[in-house]
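Proteins come first, then strands; the chains are lettered A, B, ... in the order of their sequence lines, and each starts at number 1.
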2 protein chains.
Amino acid sequence: MDKKITIYDLAKALGVSAGTVSRSLNNHRSISDKTKQRVIAKANELGYQTNKFAVNLSTQKSNTIGVIVPKLNSIFMSDVLAGIEKTVNEAGYNLIISQSLEMMEKEKLNAKTLYNSGVDALLVSLAYDTNDFDHFAYYIRHNIPLIFLDRVHNLPNCSTIIINNKQAGFEATEHLIEQGCKNLLCISGNLKRNVYSERLMGFKEALAKHQMKFKKSNCLETELDPNDVPKVINYIKNQKQAIDGLFVASDTFAAHCIKALKKEHFRIPEDIKIIGFNNDPISELVTPPLSTINYPGYEMGVLAGQSVISQLNGSLDLQPANSITLRHQLIIRESTHI
Amino acid sequence: MDKKITIYDLAKALGVSAGTVSRSLNNHRSISDKTKQRVIAKANELGYQTNKFAVNLSTQKSNTIGVIVPKLNSIFMSDVLAGIEKTVNEAGYNLIISQSLEMMEKEKLNAKTLYNSGVDALLVSLAYDTNDFDHFAYYIRHNIPLIFLDRVHNLPNCSTIIINNKQAGFEATEHLIEQGCKNLLCISGNLKRNVYSERLMGFKEALAKHQMKFKKSNCLETELDPNDVPKVINYIKNQKQAIDGLFVASDTFAAHCIKALKKEHFRIPEDIKIIGFNNDPISELVTPPLSTINYPGYEMGVLAGQSVISQLNGSLDLQPANSITLRHQLIIRESTHI
DNA sequence: TTTTATTACGCAACCGATTGCGTAAAAAAA
DNA sequence: TTTTTTTACGCAATCGGTTGCGTAATAAAA
């Protein structure tokens, strides 16, 4: 009953050609204002809606941007996504979001699907175990903008958006040292990922600067999963020299550690000082409030969005792959400071 | 250099018709196995990739599902989205996600855009201020599955996926009463939204059941924003009869309240017992751990996903609009229990 | 061997826009 | 008034698949 109406219907109803209708609707200059008005009026009257499928086919563009993230449901990632969505949406693009669930195979599949879906650009934050990058070859070969964020990899002609994890790790660690910590432990995430390995580098550098030797026992690699907490607690309790400072690569995990340590009657910050990472909402709500590094997810998303849009519009400037580094910030709260 | 190759290229290379190629690739029964093999082999050899734009145009389907949520970056919503994404992705659909940012106008815009983009179905969680629903009329008229979740509205032929907020509110409140609270305060979100108004109904019902009269002062409507905390604290301090039980419509906000109340030297749970809502990760990490109602976001997403998929596949059964209600669960922790 | 039923594929219309090229009509210049 | 330049549109090809219908070739039945 509610037949879809096309430009041909409009053309027939107005006694003009379909081309004229199309140009009128797109405000093409070679159509007189009078005709444009007539077409637009009739379009409204009949409730015309453009068929994106046809537009896409004929222009070979989808007005759609693909995103692949490890997991949608993390505070940080959802902030990033919110920023991306807002930005690209204002520019008239839709966002197709998919999760790799930290599996390279899924990431590959998603990359392929999105390619076939004809996304105009792709934003990626890599899975833990991604170690080859052939699945991005299509994009590069066909000049489809490809941007990495947070969990990145350097590929020719691809922008990356990151924060300076090494520097942030350095500052967090140095802060602990300045608060008087003598024996630090870095509780890291998977070291295959740049974000965590770089933070560890900063950690080491801070130790070095303050004439503290880094030993293997100063770092514990975990999955940052609540289930790992007992392992961490045992590790801490079994060190011959008592650990008095903790640099944890995630606020939520740090919060879990705080809870478990308090149960073991560690006093925070008196016995052991703790600093987290990310500035999740949780960090200011635990007791004691958690010192941390502010890691601006939303801003990162906005920036990523702006970056794609500008690449998509300024099609001419084959700008050399640029890397944007966001500003982070040390936030001192009571978990490291009496 | 890297020319896109089409079914016509394959057809020419193999000396068959384009139709045969198409049918071979789609494993149509009217093509012999031998020919299918040849086509597939050649397709791989030449690196053929199907052009979704063309497929979409000719089938008038996009294999894409639209989602409109108020905000991407909330714990609960990102859980929901993660569940949806996983489910529909396994069924071969892509997900276009957009945010209304709690504004009906944006919601309308998104609904229209997604319609024009040709989504095969739409999942919606409503904005705060949505009070008319014309923007969903297209979907209903054109028989595009439309499913509401969490923040819902009853429209003909639309499924809804919810939890029993009223019952949950009732249980949370009754729990406080059973713990000995005499003067309760419900800190609600915007009462125009069903989720909050229903919880309040449950709150009232529990009072009634226990012969406690509900007065207007027993409910405080807020935006559940951290900025509202001082208002809440003042409100509590200024009651002539001391409040000894708090039912807060969000865990994060409850956590903020706990922090502020502790600063005011209220003892929790001795002076005042608090129960939240959602079972956010934060709830078990604050001090004291927060009693709450488990509100299964991820499961809700999965269910929503399954619901769309089944509607999309079983195209025949014009199933009467059905409403799925998920099971919630009272979780008792130390904020209500000594 | 002839007739009937299957199988395997080709033909061409169709989905609904976009766009380069050509031209009649109107406006400007000669 | 005639010629030249603009303006405003129409025509038809194109994007790359899908699919109903028709038929030659092969297999099964008579």
Undergrad: Taking only residues two or more places apart in sequence or in another chain, which ones pass side chain to side chain contact (heavy atoms under 4.5 Å, CB included) with A:N26?
TA: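 If we apply the side chain to side chain contact (heavy atoms under 4.5 Å, CB included) test to A:N26, skipping adjacent residues, the hits are A:S22.
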
Undergrad: At a heavy-atom distance below 4.0 Å, what parts of residues 32-43 of chain A sit against DNA chain D?
TA: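 Nucleic-acid contacts, sorted: A:S32, A:T35.
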
Undergrad: If I take atom CZ in residue B:F53 and atom P in nucleotide D:dT18, what distance separates them, rounded to the nearest angstrom?
TA: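 Distance check: B:F53 CZ to D:dT18 P gives 15 Å.
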
Undergrad: Atom CZ of B:R29 to atom C1' of D:dT19: distance rounded to whole Å?
TA: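 B:R29 atom CZ is separated from D:dT19 atom C1' by 12 Å.
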
Undergrad: Quickly work out the B:Q60 CD to C:dG16 C1' distance and round it to whole Å.
TA: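 Whole-Å distance recorded here is 8 Å.
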
Undergrad: Please set out all donor-acceptor pairs under 3.5 angstrom arising from side-chain atoms of residues 39-50 of chain B, sequence neighbours excluded.
TA:
residue : atom : partner : partner atom : Å
B:K42   : NZ   : B:E45   : OE1          : 3.4
B:N44   : ND2  : B:I40   : O            : 3.4

Undergrad: With a 6.0 Å cut-off on ring centres, are A:H135 and A:Y115 close enough?
TA: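 Not close enough - the centres of the two rings lie 6.0 Å or further apart.
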
Undergrad: Relative to the ring of A:F148, is the ring of A:H153 parallel (under 30°), tilted (30 to 60°) or perpendicular (over 60°)?
TA: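 Aromatic pair A:H153/A:F148 classed perpendicular.
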
Undergrad: Could you point out which residue of A:R151, A:K192, A:K71 forms a salt bridge (Lys or Arg N to Asp or Glu O under 4.0 Å) with A:E102?
TA: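 Checked A:R151, A:K192, A:K71 against A:E102; only one passes salt bridge (Lys or Arg N to Asp or Glu O under 4.0 Å): A:R151.
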
Undergrad: Just how far, in rounded Å, is C1' of D:dC15 from NZ of B:K4?
TA: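 For the pair B:K4 NZ and D:dC15 C1', the rounded distance is 12 Å.
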
Undergrad: Keeping the roles fixed (side chain from B:S125, backbone from B:L149), state whether a donor-acceptor pair exists under 3.5 Å.
TA: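 Checking the backbone N and O of B:L149 against the side chain of B:S125, a donor-acceptor pair under 3.5 Å is found.
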
Undergrad: Just verifying a value: how many Å separate B:I324 CD1 and B:E299 CD, rounded to the nearest 0.5 Å?
TA: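 Between B:I324 CD1 and B:E299 CD, I get 13.0 Å after rounding to 0.5 Å.
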
Undergrad: Whole angstroms only, please: what is the CG-P distance between A:N116 and D:dG16?
TA: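 Rounding to the nearest Å, CG of A:N116 and P of D:dG16 are 14 Å apart.
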
Undergrad: Could you pick out which residue, B:V16 or B:L57, lies toward the 5' side of DNA chain C when each is mapped onto its nearest nucleotide?
TA: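 Its nearest nucleotide being more 5', the pick is B:V16.
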
Undergrad: Would you call the rings of A:Y139 and A:F136 parallel, tilted or perpendicular, taking 30° and 60° as the class edges?
TA: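 A:Y139 vs A:F136 ring planes: tilted.
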
Undergrad: Have a look at B:V152 and tell me which of B:N194, B:V195, B:I147 forms a side-chain contact (heavy atoms from CB on, under 4.5 Å) with it.
TA: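 Going through the options one by one, the only one that passes is B:N194.
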
Undergrad: Going 5' to 3' along nucleotides 18-28 of chain C, which nucleotides have protein heavy atoms under 4.0 Å from the base (write B), which only from the sugar-phosphate (write S), and which from neither (write -)?
TA: BBB--------

Undergrad: So do A:T113 and A:N116 actually touch side chain to side chain, heavy atoms under 4.5 Å?
TA: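 Answer no - side chains too far apart.
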
Undergrad: Expressed as a whole number of angstroms, how long is the span from B:N63:CG to D:dT18:P?
TA: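 Atom-to-atom, B:N63 to D:dT18, this comes out as 12 Å.
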
Undergrad: How close or far is atom C1' of D:dC15 from atom NZ of A:K52, stated in whole angstroms?
TA: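 For the pair A:K52 NZ and D:dC15 C1', the rounded distance is 18 Å.
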
Undergrad: Send over the distance from A:N27 CG to C:dA17 C1', rounded to a whole Å.
TA: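 Computing the A:N27:CG to C:dA17:C1' distance gives 17 Å.
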
Undergrad: With sequence neighbours left out, write down each residue that passes salt bridge (Lys or Arg N to Asp or Glu O under 4.0 Å) with B:D33, or none if nothing qualifies.
TA: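 None.
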
Undergrad: Over its full length, what angle do the end axes of the helix from C:dT6-D:dA25 to C:dA30-D:dT1 make, each axis taken from five pairs and the result rounded to 10 degrees?
TA: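 End axes: 40° apart.
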
